[in-house]
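Naming convention: chains lettered A, B, ... in sequence-line order (proteins, then strands); numbering from 1 in each chain.
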2 protein chains.
Amino acid sequence: MQTMGDPLAASAILAVMQLNTNVFTIFMKFSNERSKPFMSTTPATIKDIARLLGISVSTVSRALKDHPDISAETKEKVNEIARKLNYRPNALALGLKSSRSTTIGVIIPEIVHFFFSTVISGIEDAAYEAGYNVMVCQSNEMYERETIVAKALLDHRVDGVLVSIAKSSAKFDHLTLLQDNGIPLVFFDRVCSFIESDAVVVDDYKGAYMATEHLISIGCKNIVHLAAPENLLIGELRKVGYCRALEDHNMAVDPYNIYLCDTREKVEEKIHRILSRDPKPDGFFAVNDSTAIAVLQEVKKAGYRVPEDIAIVGFGDGPNTTICSPTLTTVEQNGYEIGYEATRFLLDRITKCNTGAAARKKVLTPVLVKRESTDRKV
Amino acid sequence: MQTMGDPLAASAILAVMQLNTNVFTIFMKFSNERSKPFMSTTPATIKDIARLLGISVSTVSRALKDHPDISAETKEKVNEIARKLNYRPNALALGLKSSRSTTIGVIIPEIVHFFFSTVISGIEDAAYEAGYNVMVCQSNEMYERETIVAKALLDHRVDGVLVSIAKSSAKFDHLTLLQDNGIPLVFFDRVCSFIESDAVVVDDYKGAYMATEHLISIGCKNIVHLAAPENLLIGELRKVGYCRALEDHNMAVDPYNIYLCDTREKVEEKIHRILSRDPKPDGFFAVNDSTAIAVLQEVKKAGYRVPEDIAIVGFGDGPNTTICSPTLTTVEQNGYEIGYEATRFLLDRITKCNTGAAARKKVLTPVLVKRESTDRKV
DNA sequence: AATGAAACCGCAAACGTTTGCGGTAATTTT
DNA sequence: AAAATTACCGCAAACGTTTGCGGTTTCATT
């Protein structure tokens, strides 16, 4: 058979020759195929290989994973046919049998945000390194969507879930549901205080403290903080960092200088009210970059100079911070590292099956990136 | 039993009472659980429900889907236990049985880009509306990664795949592999000319034509085009649109005015060479927004005024275009709509099983969004 | 020549579902 | 009262794998 030119035809003959039992069905298989010899429209299975070779599925299965019980000759034949048929193991069957799907789920607010998309890159890299697949689900910051995707991940029997909670999530039954079903959870960035679980976060308190202190150091006397909703821990921590920095420099914390304002839209809605307060703000610390940039644009439009009249600091260090003008001082958050480390935590839980071990927490230290929006000549 | 206060305890009793055969295993089940009555660490199955109720799995299965053969009483009991156990059907088993996973795969270059992440939003919405889940995989613009994720999607027996090819992909065996296995393909944005399949794209030619014509209309005489690699059809089409617009206005197409330059890095590398050419460029049409914005920043840095000395147009209309200064004129691409329509195409193929029908193509018309970077007083 | 041990391979159960078919009991129809 | 429905439920096979166990050969050892 090695003398034949066309390897496909060669194996077809080989296969037919070795048949003993069900020649008919095989023949049907061949005659049914249109123009694609040896390739049905449906994925090849171990059964197909076994049938073509006239051996049992057990043998094929063992041959494919190089089991010592199988002869070299058989292994060769099996692998050849498998290659020709483009055989790929059915992950559903594998998962059902082993009750492990080698897939991890991700519940993430919105991937449009640069930070979250870099987190995903870190997650994917860590997962692929370990042979795991990733299933990414957006909650779109909506509690309902979060519950839906959590259940979908449960349905698919993912081996673990990485989650950063939505702004609007106040109930967490859907997450404890996952835990109750033996699916380990690891939080990243936006953690949930009510659930005992591993977590990877940045030191939001410290980042906010540094940001505020920097504004103070360049001479700001009346610093406004644009904050996130209260149920978000990261928002709270950043607010506390802001307050503490003021206190440590003997500046009073004016509650009226703290606004719930974490999107561009809210900035456009509230900015005039904020700017018309007395004493007038000369510094802004916003809970994220896009809010900070919106402020930057609005105050410029209102005739103020940045950073001379008003200095601004954001949080996150997305690429936008270098394309606005002036460029934005911000607190760097290494999304990739957060995703990578969180996934390492999760894989650890999965492979070690140590769901019992105490919750670990990794806190990454952010760094303040100084740019033009706070670059005053002091 | 309705008189008891605790519904959990009530059903436990109910369950034990109804047992006839395997009391022992049930008892084991209870005594094994720590602090979580009625909830093992592993997901509940139909078998569990059947065992607790002393009925067969077939009955439970039918009861759960409201089959007329099952009595109202049984249905009620089954549903009650199912709810208590947080029963969720095993998607792996369902997929294996039906050879449909109600999951669609997405192969996308990089979700960091605003355009692609909006596409995903459109995909998700269309998929969820139809009860499908979405598995998003990034190729990171790498051919190897693209082949890996394609195989992973095949392994998971997704019902269909949406794909936008990586810049570096020149071979497409991994995609025909999917087709050969009966998995329908729909391309979005970056199509592959060698594979006959459905596609949803924007009219890149027209978008480029409009952009170039706009530059001409504001008085640009020497317009540079920063192009994508040649193997990307969208890049080619945009280049052709650029050339055609010049020709239609009796302006010569200078091949030296066309550069392979589609990232910020390449701009920083080549901009000085480009600007030092004679005649000096007075207009730029870049193949995407981030490239255009990089140009904008570099020419400003080099002392030129935008748009007075040099006018710039991008492609894509991401949010960056409104935060750079001056704001960027660009060609709007409705990513959400592309994703939504592509998914509709795919679901159509899946549900209708009409893999045989001719390939359909939907071309969305982009619109030119004029902003400051071309706002000359003419 | 009988025994033992390799070397190879197949049977069958299991994972969690669905579903055609058959069966029993209760109810209705003659 | 017999027959025919009707109502309700269980058996078992199937989806694609893996794997413990048992079964044949074959070959080397006494």
Side-chain angles (χ1 to χ4, degrees), chain A residues 18 20-22 25 40 42-78 82 85-102 154-159 181-182, chain B residues 18 20-22 25 40 42-78 82 85-102 154-159 181-182:
Chain A
Q18 297 223 352
N20 40 12
T21 51
N22 40 12
T25 55
S40 163
T42 136
T45 71
I46 277 193
K47 257 185 201 167
D48 295 329
I49 302 177
R51 203 159 30 201
L52 285 172
L53 249 30
I55 60 180
S56 77
V57 292
S58 340
T59 304
V60 175
S61 173
R62 291 194 173 95
L64 286 171
K65 39 188 29 123
D66 206 27
H67 193 283
D69 265 10
I70 309 300
S71 72
E73 191 195 6
T74 304
K75 282 179 187 168
E76 214 167 308
K77 281 193 220 160
V78 167
L85 293 184
N86 282 318
Y87 170 76
R88 302 232 95 220
N90 187 323
L92 276 55
L94 252 36
L96 182 58
K97 186 96 223 316
S98 63
S99 48
R100 301 181 309 108
S101 58
T102 57
L154 172 56
D155 290 353
H156 282 271
R157 300 298 188 266
V158 292
D159 296 336
N181 286 50
Chain B
Q18 298 224 351
N20 38 15
T21 51
N22 39 12
T25 56
S40 163
T42 136
T45 71
I46 278 192
K47 255 184 203 169
D48 295 330
I49 303 177
R51 202 161 30 202
L52 285 172
L53 249 30
I55 61 179
S56 76
V57 292
S58 342
T59 303
V60 175
S61 173
R62 291 194 172 95
L64 286 172
K65 39 189 28 123
D66 207 26
H67 192 284
D69 264 11
I70 308 301
S71 72
E73 190 195 7
T74 305
K75 282 179 188 169
E76 213 168 309
K77 280 192 219 161
V78 168
L85 293 183
N86 282 319
Y87 169 75
R88 300 234 97 218
N90 186 323
L92 276 55
L94 288 178
L96 182 58
K97 185 97 223 316
S98 63
S99 48
R100 301 181 310 106
S101 58
T102 56
L154 172 56
D155 292 352
H156 282 271
R157 300 296 188 267
V158 292
D159 296 335
N181 285 46

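At D:dT18, one or more side-chain N or O atoms of A:Ser61 fall inside 4.0 Å of OP1 or OP2 (strictly under the cut-off). Distances shorter than 4.0 Å separate some side-chain N or O of B:Ser71 from OP1 or OP2 on D:dC9. Taking side-chain N and O atoms only, A:Lys47 has a distance below 4.0 Å to OP1 or OP2 of D:dC15.
Between the A:Ser98 side chain and the A:Leu94 main chain, a donor and an acceptor come within less than 3.5 Å of each other. Of the possible polar contacts, one joining the B:His67 side chain to the B:Asp69 backbone as a donor-acceptor pair under 3.5 Å is found.
Atoms CG (B:Asn181) and P (D:dG16) sit 13 Å apart, rounded to a whole Å. In this structure, the CG atom of A:Leu64 is 15 Å from the P atom of D:dG16, given to the nearest Å. Between B:Glu76 atom CD and D:dC8 atom P the separation is 13 Å, expressed in whole Å. D:dT17 atom P lies 16 Å from atom CZ of A:Arg100, rounded to whole Å. Remark: P of C:dT19 and CD1 of B:Ile46 are 11 Å apart, rounded to the nearest angstrom. Between B:Asp66 atom CG and D:dC8 atom P the separation is 12 Å, expressed in whole Å. Computed from coordinates, the A:Leu92 CG to D:dC15 P distance equals 14 Å when rounded to whole Å. In this entry the distance linking CD1 of B:Ile49 with P of C:dT17 reads 8 Å, nearest Å.
Each of C:dT17, D:dT17, D:dG10 was ranked by its minimum atom distance to the side chain of B:Ser56; first place goes to D:dG10. For A:Tyr87, counting side-chain heavy atoms from C-beta on, the closest listed nucleotide (D:dT17, C:dC9, C:dG16) is D:dT17. Side chain of A:Ile55, nearest nucleotide from D:dT17, D:dC9, C:dG10: C:dG10.
Residue contacts for B:Ser98: at a heavy-atom cut-off of 4.0 Å it reaches no nucleic acid atom on any strand shown. As judged by a 4.0 angstrom heavy-atom cut-off over every strand, A:Asp69 is placed among the base-contacting residues. Note on A:Thr45: only backbone sugar-phosphate atoms sit closer than 4.0 angstrom, heavy atoms only; bases stay farther off.
One donor-acceptor pair, N or O on each side, does fall under 3.5 Å between the base of C:dT18 and the side chain of B:Lys97. The base of C:dG20 is paired with the side chain of B:Arg62 by a donor and an acceptor separated by under 3.5 Å. In terms of polar N and O atoms assigned as donor or acceptor, the side chain of B:Ser58 comes within less than 3.5 Å of the base of D:dC11 in a complementary pairing.
Between A:Thr102 and A:Asp159, the shortest heavy-atom distance links the atoms N-OD2, 2.7 Å.
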ask   = Are B:Asn181 and B:Leu154 close enough, and set up right, to give a side-chain contact (heavy atoms from CB on, under 4.5 Å), and what steps lead you there?
value = CA-CA 8 Å; B:Asn181 285 46; B:Leu154 172 56; 3.6 Å; yes
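Contact annotation: the side chain of A:Leu85 approaches that of A:Ile49 to within less than 4.5 Å [non-hydrogen atoms, C-beta and beyond].
Not counting sequence neighbours, B:Lys97 has no partner by the side chain to side chain contact (heavy atoms under 4.5 Å, CB included) test.
When the nearest nucleotides of DNA chain D are assigned to B:Ala93 and A:Lys65 by heavy-atom distance, the more 5′-ward of the two goes with B:Ala93.
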